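Presented below is the structure to which this report refers.
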Amino acid sequence: MKRKNAGHLPKSFWILVILISLLVVFSLFSKHLTPYDPYATEPSNVLQPPSAAHPFGTDGHGRDLLSRVIVGSKTSIFSAFALIAMTSIFGTLIGMIGGYYGGWVDAFLMRITDVFLSFPDIILAIAVAGVLGGGLFNAILALFLTTWTQFARLARSSTISVKEEAYIHAAKLSGCSSPRIIFLHILPNILGALIVTATLHISGMMMGIAGLSFLGLGVKVPQAEWGSMISEGRKYLQTAPWVAIYPSVVMVAVMMLFNLFGDQVRDLLDPKHGKNLLKRNTL
């Protein structure tokens, strides 16, 4: 049979890239794409069922639910991106420093990591958010304090493995400084695993922010955010279930999209998967 190009990326990967790119652009300009003002109340339209005028219906204040779901996408998605960036950068830095220097530096940093790991993530996040008070920034900070440890552990173990390679010893003998070795020689070689972990955690970060907002510890009403909208719709589950159902369905669909993309990235960057893919393509 004709040999296929082993480096060719699958169509499913490009489809997900296109969908996520469109989603990000859509959410970035969501404020200009809403059919109605998402914060304008209309007493005469309270709890209107889905219709041609209001495809998702209206909420308890007469606000158009579709407009609020659209504008809430920016808060939900970009908050998760910001959280992933913060946790991955900080956790990776801590892990690489501990793994590279070892000794008391590693012991000190890992004991701090163990302290945060000893608490269940969501319980610690709720406690921190409760102490800091509500608000999106405090919710992000609370989740940051509970999730950076995963990146620290991964970066540390990968650094310990890589720093014994011959090219690292050669870099030391050539006079390269430790920061140069860490960031120019070690980081590029452990970046694949970190990217996979970050991608797979996007939906989890989104769920964490929505969960804190649902409990009243995150985004405050009337700011549009999927978690707070679901929380608002709880009291209407019997009389107007669409108020909670539509934000939930949209959030689950977006999370599934990011999960599928994370699986694709993991399969492409996983060396074992790459070998299996090469074998299949050469049959």
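Here the structure is a predicted model, which means the values were calculated and not measured.
Using cut-offs of 30° and 60° on the angle between ring planes, the pair Phe29 and His32 is tilted.
Across Pro35 and Asp64, no two heavy atoms sit closer than the pair CG-OD2, 3.8 Å. Closest heavy-atom contact between Val46 and Gly60: CG1-O, 3.5 Å. Taking every heavy atom of both residues into account, Val69 and Trp226 meet most closely at O-NE1, 3.0 Å.
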What do the steps show when you test Leu93 against Phe151 for side-chain contact (heavy atoms from CB on, under 4.5 Å), and what is the final call?
CA-CA 9 Å; Leu93 182 61; Phe151 291 94; over 6 Å; no
Stepwise side-chain contact (heavy atoms from CB on, under 4.5 Å) test for Phe261 and Val17:
CA-CA 8 Å; Phe261 180 68; Val17 168; 3.7 Å; yes
If you apply the rule side-chain contact (heavy atoms from CB on, under 4.5 Å), what do you find for His169 with Glu164, and how did you get there?
CA-CA 7 Å; His169 292 293; Glu164 299 302 329; 3.7 Å; yes
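Remark: side-chain polar atoms of Tyr39 are paired, donor with acceptor, to backbone N or O of Ala224 under 3.5 angstrom. Arg68 contributes a side-chain N or O that, together with a main-chain N or O of Pro222, makes up a donor-acceptor pair within less than 3.5 Å. When atom types are taken as modelled, the side chain of Glu225 and the backbone of Ser228 share a donor-acceptor pair closer than 3.5 angstrom. Proximity of a side-chain donor or acceptor of Ser27 to a complementary backbone N or O of Ser73 within less than 3.5 Å is not detected. Between the side chain of Lys235 and the backbone N or O of Ser231 there is no donor-acceptor pair closer than 3.5 Å. Between the Ser118 side chain and the Val115 main chain, a donor and an acceptor come within less than 3.5 Å of each other. Thr92 contributes no side-chain N or O that, together with a main-chain N or O of Ile89, makes up a donor-acceptor pair within less than 3.5 Å.
In this structure the side chain of Thr58 never reaches within 4.5 angstrom of the side chain of Glu42, judged on heavy atoms. A heavy-atom distance below 4.5 Å is found between the side chains of Ile186 and Ile168. Looking at heavy atoms from C-beta onward, Leu194 lies out of side-chain contact with Ser88 at the 4.5 angstrom threshold. Residues Leu65 and Met229 form a side-chain contact, since some pair of their non-hydrogen atoms from C-beta on lies under 4.5 Å apart. Residues Pro10 and Leu268 are in side-chain contact: their nearest non-hydrogen atoms beyond the backbone lie under 4.5 Å apart. Between Val128 and Leu143 there is no side-chain heavy-atom pair separated by less than 4.5 Å. Considering only heavy atoms from C-beta on, Tyr101 comes within 4.5 Å of Ser178 through its side chain.
Leu145 and Ile123 fall within the same hydrophobic cluster, defined by Ile, Leu, Val, Met, Phe, Trp and Tyr side-chain heavy atoms under 4.5 Å apart, directly or through other members. Leu117 and Phe119 are assigned to two separate hydrophobic clusters, defined by single-linkage of ILVMFWY side chains at heavy-atom distances under 4.5 Å. If you chain together hydrophobic residues whose side chains sit under 4.5 Å apart, Met206 and Leu215 fall into the same group. One hydrophobic cluster, built from ILVMFWY side chains closer than 4.5 Å, cannot hold both Val243 and Leu237; they sit in different ones. There is a path of hydrophobic side-chain contacts, each under 4.5 Å, that joins Val25 to Leu16.
Legend: residues meeting side-chain contact (heavy atoms from CB on, under 4.5 Å) with Thr34, ordered by chain and number and at least two apart, are Pro38, Ser67, Ile70, Val71. Legend: residues meeting side-chain hydrogen bond (donor to acceptor under 3.5 Å, both in side chains) with Glu232, ordered by chain and number and at least two apart, are Arg63. Annotation: ring-ring contact (aromatic ring centres under 6.0 Å, His included) contacts of Tyr100 (sequence neighbours excluded): none. Listed by chain and number, the residues in a side-chain hydrogen bond (donor to acceptor under 3.5 Å, both in side chains) with Gln264 are Ser12 (sequence neighbours excluded). Not a single side-chain hydrogen bond (donor to acceptor under 3.5 Å, both in side chains) links Asp121 to another residue, sequence neighbours left out. Phe90 meets the ring-ring contact (aromatic ring centres under 6.0 Å, His included) test with Phe144, Trp148; sequence neighbours excluded. With sequence neighbours excluded, the residues satisfying ring-ring contact (aromatic ring centres under 6.0 Å, His included) with His54 are Tyr36.
For OH of Tyr167, the number of neighbouring non-hydrogen atoms (other residues, nucleotides, ligands) closer than 6.0 Å is greater than 12. Within 6.0 Å of atom NZ in Lys172, more than 12 heavy atoms from other residues, nucleotides or ligands are found, so the atom counts as buried in its surroundings. Counting heavy atoms of neighbouring residues, nucleotides and ligands inside a 6.0 Å radius, atom CZ of Phe78 exceeds 12 of them. Shown here is Met207, whose CE atom has no more than 12 heavy atoms of other residues, nucleotides or ligands within 6.0 Å. The number of heavy-atom neighbours closer than 6.0 Å to CZ of Phe81, taken from other residues, nucleotides and ligands shown, is above 12.
With Ile94 as reference, Leu109 is the one residue of Leu109, Thr149, Ile112 to meet the side-chain contact (heavy atoms from CB on, under 4.5 Å) rule. Between Val265 and the options Leu260, Thr199, Leu200, a side-chain contact (heavy atoms from CB on, under 4.5 Å) holds for only Thr199.
Listed by first and then second residue, the side-chain hydrogen bond (donor to acceptor under 3.5 Å, both in side chains) pairs involving residues 252-262 are Ser203-Asn259 (not counting sequence neighbours).
Apart from Val249 itself, the hydrophobic cluster it occupies contains Ile245, where clustering links Ile, Leu, Val, Met, Phe, Trp and Tyr at side-chain heavy-atom distances under 4.5 Å. Through chains of ILVMFWY side-chain contacts below 4.5 Å, Ile18 is grouped with Leu22. In this structure, Met256 shares a hydrophobic cluster with Val252, the cluster being traced through Ile, Leu, Val, Met, Phe, Trp and Tyr side chains under 4.5 angstrom apart.
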Using distance only, find each side-chain donor-acceptor pair of residues 153-160 under 3.5 Å and give its atom names and separation, not counting sequence neighbours.
{"from": "Arg153", "atom 1": "NH2", "to": "Asp114", "atom 2": "OD1", "distance (Å)": "2.3"}
{"from": "Arg156", "atom 1": "NE", "to": "Asp106", "atom 2": "OD1", "distance (Å)": "2.7"}
{"from": "Arg156", "atom 1": "NE", "to": "Asp106", "atom 2": "OD2", "distance (Å)": "3.2"}
{"from": "Arg156", "atom 1": "NH2", "to": "Asp106", "atom 2": "OD2", "distance (Å)": "2.8"}
{"from": "Ser157", "atom 1": "OG", "to": "Arg153", "atom 2": "O", "distance (Å)": "3.2"}
{"from": "Ser157", "atom 1": "OG", "to": "Leu154", "atom 2": "O", "distance (Å)": "3.0"}
{"from": "Ser158", "atom 1": "OG", "to": "Leu154", "atom 2": "O", "distance (Å)": "3.0"}
{"from": "Thr159", "atom 1": "OG1", "to": "Ala155", "atom 2": "O", "distance (Å)": "2.6"}

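Here the NZ atom belonging to Lys74 is positioned 11.5 Å from the CD1 atom belonging to Ile77, to the nearest 0.5 angstrom. Taken from CE in Met251 to OG in Ser76, the straight-line distance is 7.5 Å, to the nearest 0.5 Å. In this structure, Ile20 CD1 and Ile15 CD1 are separated by 12.0 Å, a value rounded to the nearest 0.5 Å. Annotation: the span from Leu132 atom CG to Phe137 atom CZ amounts to 8.5 Å, rounded to 0.5 Å. Considering CG of Asn189 and CD of Glu165, their distance stands at 8.0 Å, rounded to 0.5 Å. Atom CG in Leu83 sits 10.5 Å away from atom CD1 in Ile202 (nearest 0.5 Å).
Note that Arg234 lies in the cation-pi zone of Phe214, set by a 6.0 Å cut-off to the ring centre and a 45° limit from the axis.
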